[in-house]
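Following: one structure in structure tokens, then a few remarks.
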2 protein chains.
Amino acid sequence: MMAETRSKPSKGSKRASTRTGAPKATIKDIARAAGVSVATVSRVLNTPDLVVAKKRQAVLRALRRHDYIPNQTARSMISRRSRAIGLILPTLANPVFVPAIAAIEQELDRAGYALLINCCERDPARELAQARTLIERGMDGLLITGSEHLPDLPALLARHRIPHVSQDVSQDIALDKPMGPSIGLDNAGALAAAVDHLHACGHRRIAVLSGPVHNTPSVRDRFLSAIARIRHHGLICPDAWCAVSDDYDNHSTRIAAQRLLDCGEQPTAVALTGDLLALGLISECRARSLDIPRDLSIIGCGDTNMGQYADPPLTTIHMPFVEMGRAAARDLLSLIEDRKPPELSILPHELVIRQSVAAPANAHSAKTGRLRTNRL
Amino acid sequence: MMAETRSKPSKGSKRASTRTGAPKATIKDIARAAGVSVATVSRVLNTPDLVVAKKRQAVLRALRRHDYIPNQTARSMISRRSRAIGLILPTLANPVFVPAIAAIEQELDRAGYALLINCCERDPARELAQARTLIERGMDGLLITGSEHLPDLPALLARHRIPHVSQDVSQDIALDKPMGPSIGLDNAGALAAAVDHLHACGHRRIAVLSGPVHNTPSVRDRFLSAIARIRHHGLICPDAWCAVSDDYDNHSTRIAAQRLLDCGEQPTAVALTGDLLALGLISECRARSLDIPRDLSIIGCGDTNMGQYADPPLTTIHMPFVEMGRAAARDLLSLIEDRKPPELSILPHELVIRQSVAAPANAHSAKTGRLRTNRL
DNA sequence: CGGTTTGCTGAAAACGTTTTCAGACATTTA
DNA sequence: TAAATGTCTGAAAACGTTTTCAGCAAACCG
């Protein structure tokens with residue numbers, strides 16, 4: 001009674017015009033309209049069985065009539081869970097992450113979670129600030145992408161005990177300074193596999209063409225691993241055969257390819273750190289009337305489905321970005337629900353054989369390329 | 001005094017273990033630690049000038065010590081703004097939208113807004129559900145992408161008076177059933193411009209190669225507009241010259257290209273509805289020893305920066321996806337702040353001349369292709 | 001028929017903030 | 001010196017829910 005007189009008079013005048021002028025029906029309005037208490041309306045919404053049929057009908061009618069939309073913010077307030085997770089990306093300029101995002105979105109949507117996206121533009125300080133903002137916003141968990149973080153980031157995450165999973169993290173970094181569960185792609189292994197494939201096809205003069213290694217640990221891993229693997233096979237790998245392009249477009253790639261092809265001895269095969277580079281390299285070969293794969297074999301490393309657009313279609317190492325996103329999302333949800341996901345999963349890459357690799361034309365190359373027989 | 005005895009005893013026992021066991025310092029904890037009221041802490045956070053220096057220092061110290069992160073949910077609760085907006089996409093499988101997302105994210109981040117992303121997988125019913133969820137979550141505004149919506153969607157948006165902007169909407173649809181401010185790309189105009197460019201270069205035998213028109217209004221617009229424009233110039237355009245590929249990969253595109261090139265009379269130029277198609281078409285031409293642009297000119301329509309990877313680099317119509325995202329985000333923010341953005345903006349496309357278009361080899365074709373001189 | 005159980009309901013507290021209001025001083029003005 | 005003004009502060013209300021608790025009937029049990 002007392003309480004009622006206190007709350008009643010405030011009703012009429014309070015709903016003045018907010019900025020949008022939207023009155024937005026609340027649970028109280030529904031309760032009043034249906035002649036029940038707010039508790040009952042809440043019960044109809046969440047545990048309908050606890051409400052006697054007659055009142056339930058009345059409430060449902062009122063809900064429909066006002067077409068009531070519950071306020072998730074208020075719910076989060078009391079449940080202390082937002083059912084939302086935050087994703088921090090290095091950049092969207094590199095479309096590599098898109099399939100992973102799609103998988104994450106799908107996985108979260110299925111579980112009723114929302115996805116907030118932030119790009120830090122490869123700025124670790126910005127990344128940290130965004131993580132902080134996402135924590136402010138009450139995310140139930142965070143998905144961190146890439147390998148370059150400020151040391152404050154793991155500290156922040158730990159202090160606030162926010163569930164988080166890293167994805168696309170370099171293997172050695174993950175082991176070095178672990179930051180919670182991580183999903184990694186075996187970038188090094190992928191290029192080792194690429195080199196192995198070329199080697200198995202008989203190539204002994206193998207070059208490497210890389211995208212810009214600056215600021216992209218995964219590309220750097222691929223590049224260095226390719227070189228290491230070539231040497232591991234006891235093959236020569238002069239500097240001139242380790243080309244780095246400034247960018248992925250046709251022009252930049254061709255310049256790098258020229259450096260590679262213009263040096264005295266020509267390789268019989270090239271391992272690429274990214275599929276996109278194939279297009280430029282193929283252009284350059286065509287300009288020199290070099291047939292692929294007859295005169296030069298090319299193997300990519302699959303960020304994308306780009307390889308299938310090339311001519312000839314590109315033999316490549318498929319990297320499981322979609323699976324990575326899915327795994328990251330699932331592991332994070334597990335973490336949120338107190339199940340412990342694996343600390344570090346490295347997802348398997350896969351050799352996709354198309355038509356850009358063949359045996360070298362002359363067995364001769366196998367000899368000249370050999371440096372020593374028993375190395376490593 | 002009374003109030004104090006009421007609130008004190010509840011303190012100790014209440015912070016039992018939540019799921020995460022995270023105690024999370026609240027403004028009350030800070031107030032207690034600094035020996036002031038919560039109001040004062042709040043003032044230090046929001047209007048520091050109102051607090052006398054000594055207490056302010058104490059509060060700041062406490063804030064740092066607990067490394068307090070304010071609860072944005074509680075703030076939203078009382079301010080009734082989330083400082084977040086929701087983006088609904090048709091799909092992420094088509095990377096066309098990615099540059100727009102990047103621009104949106106950037107624009108929102110700058111304004112201190114968060115971005116929630118939902119993909120409806122081209123399912124209008126799902127889109128509607130996602131819009132509802134985003135409203136539940138208290139988004140300050142919604143960004144809707146694409147042209148295919150359930151009629152319930154505009155109704156929902158209107159009923160709840162939620163600021164929203166549509167992007168990538170077909171022009172005629174936008175005018176037909178407007179759904180608030182819209183940012184459109186002039187897909188029809190783009191292909192008209194493409195055809196005009198070919199025509200201006202002397203081509204009179206112009207064919208069209210399109211990506212799948214099913215489920216993609218923008219592609220359909222481009223396709224139909226190209227045909228209409230060809231006829232507008234008084235040129236013939238037999239069905240065999242209007243090819244539709246099932247997909248964008250090399251194989252599918254080549255099959256469609258074959259249909260086009262195998263019919264009796266060969267075109268001297270092809271307008272594409274998407275840059276990606278160029279790669280397959282170029283492959284097919286190469287297989288037939290058709291030189292581009294000598295034997296066949298090709299013009300794309302630019303979803304992406306794909307054209308620069310082609311050989312020869314593709315002359316294309318650039319579509320301003322980045323600008324679209326930026327404009328959509330800005331207009332939405334304007335709307336949220338009660339400024340009225342334009343109802344419908346169509347962003348200008350732009351001809352990008354690279355190397356895939358030249359004058360037709362023989363003036364002969366100009367004659368045979370002409371149907372009537374004065375049409376339209 | 002008295003007591004227990006059961007089923008359903010509403011009042012009120014709680015979530016973590018911001019904001020309003022009035023009170024406590026300190027300072028200025030008349 | 002009294003009054004008026006100004007500066008700073010804390011209590012409490014409010015935001016829209018969920019959940020706890022106690023109360024009230026009705027049904028059941030002996």
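All values below were derived from every heavy atom in this structure, side-chain atoms included, with hydrogens, water molecules and symmetry-related copies excluded. First the proteins, then the strands, lettered A, B, ... as listed; each starts at 1.
- Residue A:R43 places its side chain closer to D:dT20 than to any other of D:dT20, D:dA11, D:dC15.
- Between B:K54 and D:dT9, a side-chain N or O to OP1/OP2 separation shorter than 4.0 Å is absent.
- Residue A:N71 has its side chain nearest to D:dT17 when only D:dA11, D:dT17, C:dT17 are considered.
- At the phosphate of C:dT18, OP1 or OP2 sits under 4.0 Å from a side-chain N or O atom of B:N46.
- Rounded to an integer number of Å, the gap from A:K55 NZ to D:dA25 P is 12 Å.
- Rounded to whole Å, the distance from CD1 on B:I30 to C1' on C:dT17 is 13 Å.
- Salt bridge absent: B:D140 and B:R83 never bring a charged side-chain N and a carboxylate O closer than 4.0 Å.
- Residues B:M179 and B:V169 have side chains not in contact (no heavy-atom distance under 4.5 Å, counting atoms from C-beta outward).
- For B:K28 and C:dT17, the NZ to C1' distance is 10 Å, given to the nearest whole Å.
- A:I88 approaches A:L134 most closely through the heavy-atom pair CG1-CD1, 3.7 Å.
- Taking atom CD on A:Q72 and atom P on C:dC15, their separation rounds to 19 Å, with Å as the unit.
- You'll find that the side chain of B:V52 is closest to D:dC8, out of D:dT17, D:dC8, C:dT9.
- A salt bridge links A:R126 to B:D109: one of the charged nitrogens lies within less than 4.0 Å of a carboxylate oxygen.
- Rounded to an integer number of Å, the gap from CE of A:M77 to P of D:dT18 is 14 Å.
- Between B:A74 and B:V51, the residue anchored nearer the 5' end of DNA chain D, judged by the nucleotide with its closest heavy atom, is B:V51.
- Nearest nucleotide to the side chain of A:R75, out of D:dG10, D:dT17, C:dA12: D:dT17.
- No N or O donor and acceptor, one from the side chain of A:R80 and one from the base of C:dG16, sit under 3.5 Å apart.
- For the side-chain hydrogen bond (donor to acceptor under 3.5 Å, both in side chains) criterion with B:E127, the lone passing option out of B:R122, B:H149, B:R132 is B:H149.
- Look at A:T26 and you won't find any side-chain N or O under 4.0 angstrom from OP1 or OP2 of D:dG16.
- Look at NE2 on B:H66: it is 14 Å from P on C:dG16, rounded to the nearest Å.
- In this structure, B:S79 does not reach the C:dT18 phosphate: none of its side-chain N or O atoms is under 4.0 Å from OP1 or OP2.
- Between B:R81 atom CZ and D:dA14 atom P the separation is 22 Å, expressed in whole Å.
- In this structure, A:D49 atom CG and C:dT9 atom C1' are separated by 16 Å, rounded to whole Å.
- Between A:S42 and D:dT18 there is a side-chain polar atom (N or O) within less than 4.0 angstrom of OP1 or OP2.
- Candidate nucleotides D:dG10, D:dT18, C:dT9 were compared by shortest atom distance to the side chain of A:I78, and D:dT18 ranks first.
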